[in-house]
Colleague: 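My structure is below; once you've seen it, I'll send some questions.
Sequence positions, counted from 1, serve as the residue numbers for this chain.
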Amino acid sequence: MKKTVVIALVSMAFGSNAANIDDVRISGFGSVGIGKSDNAIGYAGYTDEKLDWEQETLAGLQFDFQINERAKFVTQIVANSRYGYEPKIEMAYASYDFESFTVRAGKLRLPLFFYSDYIDLGYAYPMIRPSQELYEKIVLKGYTGADLLIPIELEDSSILLQPVVGLGTIDEDDSIVGEVKLDKLFGISANWNVDDFTFRGSYFVAESNPSCDFQNSQDPNCQLGSILDSQDGQFISLGAQYDNGDILVNVEAADVQLEGQFYDYQSVSGLVGYRVNKFTPYISVSWVETTDNEERVNMITTTIKEVMNNERLSYSVGSRWDFTKNMSLKADVTYVDYRDTSGGFQSNVETAANPYIATGNYLENSSIVYSARLDFVF
């Protein structure tokens, strides 16, 4: 029924020959999350105010239109509770298969990490959420441009190369300085599959250009955008994963550098899981630390400096339960040590009468977050 309705709408819009029910694949996914922290800092979006349902609840639909034997068009729409359930187009691209590679162009996911291609698809990964220290530090999920998918078959292994070029946009909802354009974005990602092992690496560069008029605005957050204006950035990640069907081990690390006073950082995350029938208990450890604190010694807005100069270490214990077809339930407890810093949260910086002047003290040394999540696909 749902396919018939979609095909009818497409046909009315583009003509009777625009789509055939056999040429369209419709799939969907969703998550319903709940959680609470032991304090108000806001790690993973959770506080101690109430049981929160609006941090990890979302729904998405994906439409794959087969244009011909070699070409297709893919679009994915996601309604996320973090953004008031406003539907957003997360992917919309056309692809064409040549004999030895595939070309894609449009709005695409940026291949930074193992789970970047399906970051909203909670059912696809074993943990309740990918590492906050690694994944949530990168608020850019996608870009508009083009890439190549180049598979290389070796004797006992295979490699997938993915060169990328385009333009990235950090939405206003994800940035305290407003919308930021990442111009001159290009790089490459590579996956090497050997038996039960997967090794991957990524390298990207871009130039940041905030849209905020920081020269005329009196908003301190907007003025902060000046340190991002026309600054070159570099991203490098390395990862390795072992998965034999029973044991899962995943290790990822990233190094991010940006010219000027905006912070550079290094982060690493490791997870070990073991599948027992329908259960996959896991433990994980993640760490992140800024690496250029000396560049902000003379920064006047000390609250911002305290937020930028940060370190934190998290430990998680959880389990995934695949209790029925296409559905999983996850539960997780995460302890976060802010390592005598703000941990990167403005809510953890103690201020004087002027909210932009820090006292040098922090409100909390750690947080504990309890959360559960139902993931499903259809």
Colleague: Answer with yes or no whether the side chains of N39 and S367 bring together a donor and an acceptor at under 3.5 Å.
Modeller: yes
Colleague: Mind checking whether N80 and E86 have side chains closer than 4.5 Å, heavy atoms only?
Modeller: no
Colleague: Would S157 and N193 count as having a side-chain donor-acceptor pair, cut-off 3.5 Å?
Modeller: no
Colleague: Using a 4.5 Å cut-off on heavy atoms from C-beta on, say whether the side chain of K107 contacts that of M91.
Modeller: no
Colleague: Which residues, ordered by chain and number, are linked to V336 in its hydrophobic cluster, where ILVMFWY side chains connect at heavy-atom gaps below 4.5 Å, directly or through other members?
Modeller: I41, Y43, Y46, Y338, F345, V369
Colleague: Checking T169 against D171: is there a side-chain donor and acceptor pair closer than 3.5 Å?
Modeller: no
Colleague: Could you work out the complete set of other residues in the hydrophobic cluster of V349, with links drawn between I, L, V, M, F, W and Y side chains under 4.5 Å apart?
Modeller: V307
Colleague: Honestly curious: do I247 and F197 fall in one hydrophobic cluster under the side-chain, below-4.5 Å linking rule?
Modeller: yes
Colleague: Hey, are the side chains of D332 and S319 touching, using non-hydrogen atoms and a 4.5 Å cut-off?
Modeller: no
Colleague: Any Lys/Arg nitrogen of R339 or D337 sitting under 4.0 Å from an Asp/Glu carboxylate oxygen of the other?
Modeller: yes
Colleague: Between L140 and L112, is there shared hydrophobic-cluster membership here, with clusters defined by ILVMFWY side-chain heavy atoms closer than 4.5 Å?
Modeller: yes
Colleague: With hydrophobic residues grouped by side-chain heavy-atom distances under 4.5 Å, do I227 and Y265 end up in a single group?
Modeller: yes
Colleague: Would you check if there is a donor-acceptor pair between the side chains of N310 and S342 at a distance under 3.5 Å?
Modeller: no
Colleague: Counting C-beta onward and ignoring hydrogens, is there a side-chain heavy-atom pair between Y335 and S366 closer than 4.5 Å?
Modeller: yes
Colleague: Check whether the side chains of S189 and R200 place a donor and an acceptor atom closer than 3.5 Å, and report yes or no.
Modeller: yes
Colleague: Which residue pairs pass the ring pair (Phe, Tyr, Trp, His ring centres under 6.0 Å) test when at least one of the two sits in residues 167-195, sequence neighbours left out?
Modeller: W192-F199
Colleague: So, N326 side chain and F376 main chain: donor-acceptor pair closer than 3.5 Å or not?
Modeller: no
Colleague: For the residue pair E295 / N293, report whether a side-chain donor-acceptor contact shorter than 3.5 Å exists.
Modeller: no
Colleague: Answer yes or no on whether K88 is positioned over the face of Y83, meaning its NZ or CZ is under 6.0 Å from the six-membered ring centre and within 45° of the axis.
Modeller: yes
Colleague: Using a side-chain heavy atom cutoff under 4.5 Å and only I, L, V, M, F, W and Y, what cluster partners does Y85 have?
Modeller: none
Colleague: Check whether any side-chain heavy atom of V272 sits under 4.5 Å from a side-chain heavy atom of Y274, and report yes or no.
Modeller: no
Colleague: Just by distance, do the side chain of N277 and the backbone of F279 share a donor-acceptor pair under 3.5 Å?
Modeller: no
Colleague: Is a donor from one side chain sitting under 3.5 angstrom from an acceptor on the other, for E133 and S314?
Modeller: yes
Colleague: Between OG of S158 and CG of N191, what distance do you get to the nearest 0.5 Å?
Modeller: 9.0 Å
Colleague: Pairs in or reaching into residues 145-170: which pass ring pair (Phe, Tyr, Trp, His ring centres under 6.0 Å), with residues at least two apart or in two chains?
Modeller: none
Colleague: Answer yes if the side chains of D255 and Q266 hold a donor-acceptor pair under 3.5 Å, and no otherwise.
Modeller: yes
Colleague: Between R296 and T290, is any pair of side-chain heavy atoms under 4.5 Å apart?
Modeller: yes
Colleague: Sub-3.5 Å donor-acceptor pair from the side chain of T359 to the main-chain atoms of E350, do we have one?
Modeller: yes
Colleague: So which atom in L258 and which in S208 form the shortest heavy-atom distance, rounded to 0.1 Å?
Modeller: CD1-OG, 4.3 Å
Colleague: Would you say the side-chain atoms of K330 pair up with the backbone N or O of G122, donor to acceptor, closer than 3.5 Å?
Modeller: yes
Colleague: Return each pair, listed once, that meets ring pair (Phe, Tyr, Trp, His ring centres under 6.0 Å) where at least one residue sits in residues 116-142; pairs must be two or more places apart or across chains.
Modeller: F113-Y135, Y115-Y125
Colleague: How about K72 and S95: does a side-chain donor come under 3.5 Å of a side-chain acceptor?
Modeller: no
Colleague: When you compare the side chain of L58 with that of D120, does any pair of heavy atoms fall below 4.5 Å?
Modeller: yes
Colleague: Going by heavy atoms in the side chains, are K141 and I119 under 4.5 Å from each other?
Modeller: yes
Colleague: Is it true that R373 and D375 have a side-chain N and a carboxylate O under 4.0 angstrom from each other?
Modeller: yes
Colleague: Rounded at 0.5 Å granularity, tell me how far CG in L160 sits from CD in E153.
Modeller: 10.0 Å
Colleague: Do you see a donor-acceptor pair shorter than 3.5 Å between the side chains of R82 and T57?
Modeller: no
Colleague: Please tell me whether E207 and N209 have a donor and an acceptor in their side chains that are separated by less than 3.5 angstrom.
Modeller: yes
